[in-house]
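Given the structure is predicted, the values throughout are model-derived calculations rather than measurements. Excluded from the calculations below are hydrogen atoms, water molecules and symmetry mates; all remaining heavy atoms, backbone and side chain alike, are included. Every chain is numbered from 1 and lettered A, B, ... according to where its sequence line falls, protein lines coming before strand lines.
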There are 2 protein chains.
Amino acid sequence: MRTFVAAADTGRFQEAADALSITQQAVSKRVAALERDLGVRLFTRTARGARLTIDGQAFLPHARELLRAEERAAASVRPGRRALRVDVIGRRLAPADLVRAFHRAHPEIELDVVTLFDADAAFAAVRSGTIDASFRAVTLPARELPDGIAALRVYDEPLQLVTGPRHVFAGARSVRPGELAGHRIWMPGLVAGTEWATFYDDLAAAFGLTIEATGPHFGTEPLLDTVADSATVATFVGEGTRLVWPAGQDLRRIPVHDPTPVYPHSLLWRADNPHPALGALRAHLGSARREVGTWTPQWAR
Amino acid sequence: MRTFVAAADTGRFQEAADALSITQQAVSKRVAALERDLGVRLFTRTARGARLTIDGQAFLPHARELLRAEERAAASVRPGRRALRVDVIGRRLAPADLVRAFHRAHPEIELDVVTLFDADAAFAAVRSGTIDASFRAVTLPARELPDGIAALRVYDEPLQLVTGPRHVFAGARSVRPGELAGHRIWMPGLVAGTEWATFYDDLAAAFGLTIEATGPHFGTEPLLDTVADSATVATFVGEGTRLVWPAGQDLRRIPVHDPTPVYPHSLLWRADNPHPALGALRAHLGSARREVGTWTPQWAR
DNA sequence: CTAGAGGTACAACACCTGGTTGTGACCGCC
DNA sequence: GGCGGTCACAACCAGGTGTTGTACCTCTAG
């Protein structure tokens, strides 16, 4: 591709060869191989050089785009890179939408979005500079944050109850946390010690709920299948969670109010990170409004 | 790249190897080579397979984009291709803007824009199916078009006079074609027999102008340099022409009216071309309004 | 604790891709 | 008609890239 573009730009194989520090014959071979692979002629060879054919003209912008894509790909892992690298906790959850909104507001800022395994990995990556910012729930009071790590509460996400059509709350406009005592809430996949598990542990303790985290987690779809078919099992999701709604399944998302349990998403970054786009991200996110009538775990207050 | 994406998708080198019909060792080598070139680790190797590192996660979408770009590039020259291939007569001239506008209106339609050498090449390419449509001025009456070639007048582009600050018309709000008789109009690069040359020949004959097409054509910039410095030499450009205005040059673009000479751009296509996007292009362009008070050559009436 | 299964990396080797050098054919121009 | 400039072809060679065989690691089951 590089050879093709060079030859198209200069119009002479010898010049392209000089630019690439190879011989004219090598350029000729490369172009011939590309033409063979594509099955079309890209140049018409004349005594005054090589001119693009129609196919070659159509191909050229795509070839340039390919080189740009290659450059961007390499830049995405270059140590002195420009793209802002952000960790979100699951691509279908609310923070991913926050990042998407930021990208729409600032399309000129290059973003790389990754998803780290757990909060420890995220802390370590932020501290080491491998990533620039991380969306996490900070389970420690601010004064106990590691040195040099800053955090800002950016979004309090209300919880919703997901039930099937035969569930007792299936028709409710909303439900109070206290009313859920004694009902089966199933949340497979919660790993003890993680921020999510901590959140739901505290939620269960605060309102006398029984949250079952037992059983292997086979993904969201089997969970929803179970919930849809059961009259007694329900589960929680964040308001901003994008569920893959299986066709024909009659699931209900029921707001939880009085009080509204909210999951406290924070943005973490290294205080001395000089990345210019980091300021833009923080400015765009602002800080979460603490709504009245909401509940958060003790550690988030 | 393909190997990296396959390994990232499957999470196991052996599975990626099966998908690519190579051995696991080859996958290992390819990934190792990519990591060496990039200077970062892309996978953490575990006993249960390979998991992406943070760098790997950031790199993955770029790698996918690269593969998509490669696919698009190959598709652009595939015989049974999908992209609509359109010939415009110069990238800075009005038809290129028409195509850009069409692309904005229908961003989902893939376009390849090429520029053919002359009208004969364009005719031949349309007839052979190498390109799908061509913007040209048709110098033949419609009934003499080759069999199977259709044409539609899509845009009448008014001409403008370009002068330097010391030219006698430099301060005019507009100028009549007849007033230009006896003044030097310089249009280097007109090749006898081409559509442009025919147009300007007819224009000169109709209003008694003297248009000098002599001298080699070194590009637009030297032409504008000459015009800017001269008190007597002017040139014509189409209203939609994008001029590269050299900084500090005081050039004037003066509309020509009473009558307004307009250059008749037509769209040519093969009547039996089944490309679905071709209809969309014709619908978007519509047909040119024949304004009163305009002048076109005899062959365009 | 050990053995085995399942995963990746390393080593040795064969092949063929892709470079170089040398040369020929073609074209336009003086 | 020679000459300069262009690209293509042939021969050759090195090294990149595949294969096979094997070592090594880690997790798990007994």
If you look only at distance, which donor and acceptor atoms sit under 3.5 Å apart when one is on a side chain in residues 119-133 of chain A and the other is two or more places apart or in another chain?
residue: A/S128; atom: OG; partner: A/A124; partner atom: O; Å: 3.2
residue: A/S128; atom: OG; partner: A/A125; partner atom: O; Å: 3.2
residue: A/S128; atom: OG; partner: A/T130; partner atom: N; Å: 3.4
residue: A/S128; atom: OG; partner: A/T130; partner atom: OG1; Å: 2.6
residue: A/D132; atom: OD1; partner: A/N273; partner atom: ND2; Å: 3.0
residue: A/D132; atom: OD2; partner: A/R85; partner atom: N; Å: 2.8

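The two residues A/A50 and A/F43 have their closest heavy-atom pair at CB-CD2, 3.7 Å.
Put simply, chain B comes within 4.0 Å of DNA chain D, heavy atom to any atom, from D/dG18 to D/dC27, going 5' to 3'.
Residue A/L20 contributes atom CG, which lies 14 Å from atom C1' of C/dG18 at whole-angstrom precision. Taking atom CZ of B/F43 as the reference point, atom C1' of C/dG7 lies 14 Å away to the nearest angstrom. Taking atom CG on A/L34 and atom C1' on C/dG18, their separation rounds to 15 Å, with Å as the unit. In this structure, CD of B/E15 is placed 14 Å from C1' of C/dT8, rounded to the nearest angstrom. Across the protein-nucleic acid pair, B/R51 atom CZ and C/dG7 atom C1' stand 14 Å apart, rounded to whole Å.
Under the side-chain hydrogen bond (donor to acceptor under 3.5 Å, both in side chains) criterion, the residue pairs touching residues 23-34 of chain A are A/T3-A/R30, with sequence neighbours excluded.
Here A/A32 lies out of heavy-atom contact (under 4.0 Å) with every strand.
Atom CZ of A/F236 sits about 8.5 Å away from atom CZ of A/F199, to the nearest 0.5 Å. The distance from atom CG of B/L268 to atom CZ of B/F135, rounded to the nearest 0.5 Å, is 10.0 Å. Put simply, CZ on A/R51 and CD on A/Q57 are 9.0 Å apart, with the number rounded to the nearest 0.5 Å.
Axis angle across the helix from C/dC1-D/dG30 to C/dC30-D/dG1, with five pairs used at each end and values rounded to 10°: 20°.
Classification of B/E65 and B/R68 as a salt-bridged pair holds, one side-chain N sitting under 4.0 Å from a carboxylate O. Salt-bridge formation is detected for the pair A/R45/A/E35: a Lys NZ or Arg NE/NH1/NH2 atom is positioned less than 4.0 Å from an Asp or Glu carboxylate oxygen. Checked for salt-bridge contact, B/E110 and B/R72 miss the test: no charged N lies under 4.0 Å from a carboxylate O.
Side chain of B/D202 to backbone of B/P297: no donor-acceptor contact under 3.5 angstrom is found.
Between A/T46 and A/A33, it is A/A33 whose nearest contact on DNA chain C lies nearer the 5' terminus.
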Which atom pairs link the protein and nucleotides 19-26 of chain C when you take only N or O atoms and keep those under 3.5 Å?
residue: C/dG19; atom: OP1; partner: A/R30; partner atom: NE; Å: 2.8
residue: C/dG19; atom: OP1; partner: A/R30; partner atom: NH2; Å: 2.5
residue: C/dG19; atom: N7; partner: A/K29; partner atom: NZ; Å: 3.1
residue: C/dG19; atom: O6; partner: A/K29; partner atom: NZ; Å: 2.5
residue: C/dT20; atom: OP2; partner: A/T23; partner atom: N; Å: 3.0
residue: C/dT20; atom: OP2; partner: A/T23; partner atom: OG1; Å: 2.7
residue: C/dG22; atom: O6; partner: A/Q25; partner atom: NE2; Å: 2.6

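By the side chain to side chain contact (heavy atoms under 4.5 Å, CB included) test, A/D9 pairs with A/V5, A/R64, sequence neighbours left out.
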